[in-house]
Amino acid sequence: MYQKIPGTKDILPEEALKWQKIEELSRNVFSLYNYKEIRTPLIEEASLFNRSLGEASEIVQKQMFLINSAPSSNVTAHSVYGLRPEGTASVARSYIENNLDKTTGFVKLYYIGPMFRLERPQKGRLRQFHHIGVEAIGLIEPDLDVEIISLASMLLKEFSIEDYKIKINSLGCAKDKKELTDNLHKELKTKLDELCPDCQIRFKTNTLRILDCKNDICQKIIGNLNIKETYLCPECEAHFSSVKQGLDSLKITYQISPYLVRGLDYYTGIVFEITHPSLGALDALGAGGRYDNLIKELGGIDAGAVGFAFGIERLLITSNPKAQVPDKNNLVYIIPLGKEAKKQGLKLLDNLRREKIACDTDYENKSLKSAMRKANDLNAKLVLIIGEDELKKGVVTLKNMASGEQQEIKQDEIITALR
Ligand code: HAM
């Protein structure tokens with residue numbers, strides 16, 4: 001028997017209702033904030049991700065699902081495709097390729113869809129997971145960072161998720177990031193042996209990541225370093241202050257996290273992470289930040305950009321059941337008893353569907369009692385019974401499942417009665 005690949009999930013109908021709810025609530029919020037949907041392919045040239053996320057990033061180093069697009073003897077850099085591990089690089093590619101930089105300039109986009117990372121699966125960490133993400137491209141306005149964070153907290157409010165923490169930091173511009181990296185190098189050189197094995201590698205390839213290593217010893221070493229707060233240039237400092245002021249004025253609670261760096265190379269300036277205690281060690285519900293150099297880096301104009309993404313699976317681990325109650329079921333269930341009734345029932349089913357009335361029928365030739373049980377399981381609102389008596393009289397019996405009330409309705413008055 002085949003089994004699903006570790007780190008992937010089947011979303012069965014009952015759970016799919018929760019997904020639909022999360023997606024519906026998200027789309028409503030996106031439309032409130034005037035973000036428009038973008039859908040990009042699930043596969044891209046792998047080098048797009050290498051270039052955007054960084055050759056040394058954990059995702060590119062260890063987590064990319066790669067696909068050869070050419071026969072295996074003929075592989076070149078451009079013939080390696082990658083399943084997208086995140087959405088930002090694809091949206092940036094699309095923004096440039098479709099000339100949105102030249103035609104529209106500033107755009108506010110959102111996406112909902114699957115992402116793929118070859119991770120060691122565990123609770124809240126999958127190989128195929130789903131993002132709800134936004135990207136606002138074309139401006140370096142701090143007010144936009146505030147809008148993005150406010151949008152994230154509005155989404156969480158709609159999902160009835162409470163007790164989350166918003167942690168923010170500024171990495172500064174490329175020059176500031178380099179200064180911080182150089183400083184770290186200097187400070188950590190003498191302590192290299194004490195760092196965890198991962199950080200010893202990071203020291204060479206991705207030094208900033210050492211700052212948010214979760215290892216206790218690394219945390220302690222970093223806590224004793226004297227490298228923070230002063231490396232931001234005046235423009236980045238002013239941007240950071242404006243964002244903080246904007247968040248304060250909207251009464252959005254946040255925490256400054258000087259060691260938050262995020263694992264992707266494209267980030268510059270503001271970065272943030274939203275965590276929730278119910279997620280344990282993998283506590284990030286979502287994360288994002290500015291990537292003001294990426295569009296230019298990929299061949300577009302010099303355009304500021306900011307965005308974030310939530311992981312849907314993690315939202316669902318955290319989400320208060322209130323957000324998960326499916327909409328009231330308006331299903332009408334038709335129970336035909338006997339061959340002739342079944343013919344009538346199928347015609348009625350088709351008529352109701354043409355009138356946009358959600359309905360289903362008993363295809364299994366059940367007895368009245370077990371068909372009623374099925375209607376109950378399906379949470380049907382109304383049941384239409386067609387038995388011998390009903391056929392003779394040219395009526396159907398309409399039963400209200402909530403009140404138990406029953407009445408006979410003439411065949412040609414059914415639609416009006418149901419309405
Ligand atoms: P990220 O932090 O890599 O950021 O992913 C965002 C969220 O996706 C995480 O906070 C987490 O909830 C979820 N997530 C990540 N990996 C997994 C996994 N293996 N299994 C389950 N959930 C996962 C980004 O991807 C950036 N593109 C966000 C962004 C958009 N920055 C700017 N714009």
Side-chain angles (χ1 to χ4, degrees), residues 5-9 11 22 35 38 40 44 48-49 52-54 57-60 62-65 82-95 107-137 144-145 147-149 151-152 155-156 159 161 164-169 171 209 212 260-276 278-295 304-319:
I5 294 169
T8 65
K9 270 177 76 172
I11 301 164
I22 291 270
Y35 282 69
I38 180 164
T40 61
E44 299 271 359
L48 169 69
F49 300 115
S52 309
L53 316 185
S57 65
E58 221 153 288
I59 297 181
V60 168
K62 302 187 200 156
Q63 300 172 350
M64 286 276 285
F65 277 96
L83 286 185
R84 64 181 189 189
E86 57 104 57
T88 311
S90 306
V91 172
R93 193 261 317 131
S94 174
Y95 176 78
V107 291
K108 304 207 292 186
L109 305 168
Y110 79 86
Y111 48 89
I112 300 178
M115 306 291 160
F116 305 86
R117 295 184 193 175
L118 195 47
E119 304 227 47
R120 196 160 40 80
Q122 55 180 281
K123 185 178 171 215
R125 181 190 276 164
L126 294 146
R127 288 178 169 177
Q128 177 177 333
F129 59 98
H130 296 74
H131 269 171
I132 293 176
V134 301
E135 314 293 348
I137 307 179
L144 203 54
D145 307 30
E147 175 172 283
I148 286 274
I149 296 173
L151 166 57
L155 283 170
L156 292 171
F159 304 151
I161 293 177
Y164 59 86
K165 251 191 212 141
I166 303 176
K167 299 177 183 172
I168 75 168
N169 187 24
L171 299 172
R209 278 316 300 278
D212 64 5
L260 177 69
V261 294
R262 313 273 303 113
L264 312 172
D265 265 16
Y266 54 58
Y267 287 120
T268 51
I270 302 294
V271 286
F272 62 96
E273 199 167 78
I274 300 178
T275 61
H276 197 280
S278 70
L279 294 171
L282 295 172
D283 62 355
L285 268 175
R290 281 215 154 256
Y291 47 99
D292 291 337
N293 297 329
L294 182 65
I295 302 294
V306 59
F308 76 90
F310 279 126
I312 300 187
E313 289 78 2
R314 295 194 191 174
L315 290 172
L316 284 168
I317 292 174
T318 315
S319 171

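For ligands, and for the atoms within them, numbers begin at 1 and follow the listed sequence.
- Applying the 4.0 Å criterion to heavy atoms of G288 picks out, from ligand 1, the atoms 31 (N).
- Counting the atoms of ligand 1 from 1 in the order shown, those under 4.0 Å from a heavy atom of Y267 are 26 (C), 28 (C), 29 (C), 31 (N), 32 (C).
- Closest to atom 21 (C) of ligand 1, if we only count protein heavy atoms, is G124 O, 3.2 Å.
- With a 4.0 Å heavy-atom cut-off, ligand 1 is reached by the backbone of R125 and by its side chain too.
- Taking both residues in full, the closest heavy atoms of S52 and D265 are given as O-CB, 4.0 Å, listed atom of the first, atom of the second, then distance.
- Across every non-hydrogen atom of L294 and A92, the tightest pair is CD2-CB, 3.8 Å.
- Between H131 and Y111, the ring-plane angle classifies as tilted under the 30° and 60° cut-offs.
- Residue Y266 has at least one nitrogen or oxygen atom sitting less than 3.5 Å from a nitrogen or oxygen atom of ligand 1, judged on distance alone.
- Contacts of F308 with ligand 1, taken as heavy-atom pairs under 4.0 Å, involve the backbone alone.
- In terms of protein heavy-atom proximity, atom 13 (C) of ligand 1 is closest to G311 CA, 3.7 Å.
- When non-hydrogen atoms are compared, ligand 1 lies under 4.0 Å from neither the backbone nor the side chain of E273.
- The two residues G87 and E135 make their nearest non-hydrogen contact at C-OE2, 4.4 Å.
- Ring orientation note: the planes of F310 and F159 are nearly perpendicular, at an angle over 60° on the 30°/60° scale.
- Counting atoms of ligand 1 from 1 in the listed order, those under 4.0 Å from a heavy atom of A284 are 10 (O), 11 (C), 12 (O).
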For this session: Could you give me the CA-CA distance, side-chain angles and deciding distance for L264 and E86, then say whether side-chain contact (heavy atoms from CB on, under 4.5 Å) is met?
Result: CA-CA 10 Å; L264 312 172; E86 57 104 57; 4.1 Å; yes
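- Not one N or O on the side chain of N169 forms a donor-acceptor pair closer than 3.5 Å with the backbone of V261.
- Residues R117 and R125 have side chains not in contact (no heavy-atom distance under 4.5 Å, counting atoms from C-beta outward).
- Remark: side-chain polar atoms of R314 are paired, donor with acceptor, to backbone N or O of G124 under 3.5 angstrom.
- Residue contacts with ligand 1, taken as heavy atom pairs separated by less than 4.0 Å, do not involve F116 at all.
- Counting heavy atoms closer than 4.0 Å to ligand 1, residue M115 contributes nothing at all.
- A side-chain donor-acceptor contact under 3.5 Å links T268 to the backbone of D292.
- Shortest contact from atom 20 (N) of ligand 1 to any protein heavy atom: L126 N, 2.8 Å.
- Side-chain atoms of T88 and Y291 include no donor-acceptor pair closer than 3.5 Å.
- The two residues S94 and T40 come nearest to each other via the heavy atoms CB-CG2, 4.1 Å.
- Geometrically, ligand 1 and Y291 share no nitrogen or oxygen pair separated by less than 3.5 Å.
- A salt bridge links R93 and E44; the closest N-O separation between the charged side-chain nitrogens and carboxylate oxygens is under 4.0 Å.
- Residue-ligand proximity: R262 is placed with a non-hydrogen atom under 4.0 Å from ligand 1.
- Inclusion of L285 in the set of residues having an N or O under 3.5 Å from an N or O of ligand 1 is warranted.
- The protein heavy-atom contact nearest to atom 8 (O) of ligand 1 is H131 NE2, 2.8 Å.
- Nearest non-hydrogen protein atom to atom 27 (N) of ligand 1 is E86 OE1, 2.6 Å.
- Neither the backbone nor the side chain of I274 has a heavy atom within less than 4.0 Å of ligand 1.
- The nearest heavy-atom contact from the protein to atom 23 (C) of ligand 1 is F129 CD1, 3.4 Å.
- Distances from ligand 1 to the non-hydrogen atoms of E119 include at least one value under 4.0 Å.
- Annotation: atom 33 (N) of ligand 1 to nearest protein heavy atom, E135 OE1, 2.8 Å.
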